[in-house]
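Structure record follows, encoded as structure tokens.
Being a predicted model, the structure only gives us computed values, none of them experimental.
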Amino acid sequence: ILKDAVNLMKDISIHGIFIVDNVGRYLGILTNKDLLFENNLLKKINEVMTQKENSIISKPGISIETAKEIMKQNKVEKLPLVDDNGILKGLITAKDYSE
């Protein structure tokens, strides 16, 4: 449930959790932005998260400059890297190119 994800995010001071299936296929992402106006912490995570279909993703091997441009155009802070089989392989965040 959503409450568990929120508690985990608070406990380890993170702003987003990737949701994957049992083999690592990317299903979506739950971020603070998704939680901003959500009051019902008993909902299922998949009811609140940004679904894969609505996610901004890229393939592994993307350059930081290209990633930065994609993130800027789409106003996102996290860019999941997903291979051709749908497996989550990595992540580029705004912090990766701002430091």
Let me see the working for Ile62 and Leu81 under side-chain contact (heavy atoms from CB on, under 4.5 Å), right down to the final yes or no. CA-CA 8 Å; Ile62 187 173; Leu81 304 176; 3.8 Å; yes
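- For the atom pair CG of Asn32 and CD of Glu38, the computed distance is 13.5 Å after rounding to the nearest 0.5 Å.
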Report the C-alpha separation of Leu88 and Asp83 in whole Å, then their side-chain angles, then the decisive distance to 0.1 Å, and conclude whether the side-chain contact (heavy atoms from CB on, under 4.5 Å) test is met. CA-CA 7 Å; Leu88 179 66; Asp83 73 10; over 6 Å; no
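- Between atom CG of residue Leu2 and atom NZ of residue Lys44 there is a gap of 13.0 Å, rounded to the nearest 0.5 Å.
- The hydrophobic cluster containing Leu35 also contains Leu8, counting ILVMFWY residues as joined when their side-chain heavy atoms lie under 4.5 angstrom apart, directly or transitively.
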Under the side-chain contact (heavy atoms from CB on, under 4.5 Å) rule, what do Ile1 and Ile45 come out as? Steps first, then yes or no, please. CA-CA 6 Å; Ile1 62 173; Ile45 292 170; over 6 Å; no
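- Side chains of Glu77 and Thr93 form no contact here, defined as non-hydrogen atoms less than 4.5 Å apart.
- The backbone N or O of Leu42 sits less than 3.5 Å from a side-chain atom of Asn40, completing a donor-acceptor pair.
- Under the 4.5 Å side-chain criterion, counting only non-hydrogen atoms from C-beta, Val6 is in contact with Leu41.
- Between Ile29 and Met49, the closest heavy-atom pair is O-CB, 3.3 Å.
- Nearest heavy-atom pair across Ile56 and Leu79 is O-CD1, 3.6 Å.
- Taking every heavy atom of both residues into account, Gly28 and Ser55 meet most closely at CA-OG, 4.4 Å.
- The minimum heavy-atom distance between Val82 and Pro60, with the atom names listed, is O-CD, 3.5 Å.
- Take Ile14 and apply the side-chain contact (heavy atoms from CB on, under 4.5 Å) test, not counting sequence neighbours, and it matches Met9, Ile12, Ile17.
- Both Phe18 and Ile57 are assigned to one and the same hydrophobic cluster, defined by single-linkage of ILVMFWY side chains at heavy-atom distances under 4.5 Å.
- Side-chain contact check for Ile92 versus Ile64: some heavy-atom pair is nearer than 4.5 Å.
- For the residue pair Val20 and Tyr26, the shortest heavy atom distance occurs at CG1-CA, 4.1 Å.
- When atom types are taken as modelled, the side chain of Asn74 and the backbone of Val76 share no donor-acceptor pair closer than 3.5 angstrom.
- Among all heavy-atom pairs drawn from Lys78 and Met71, the shortest one is N-CE, 3.8 Å.
- Side-chain contact between Ile19 and Asn46 is absent, with no heavy-atom pair separated by less than 4.5 Å.
- The side-chain heavy atoms of Leu27 and Gln51, taken from C-beta on, include no pair separated by under 4.5 Å.
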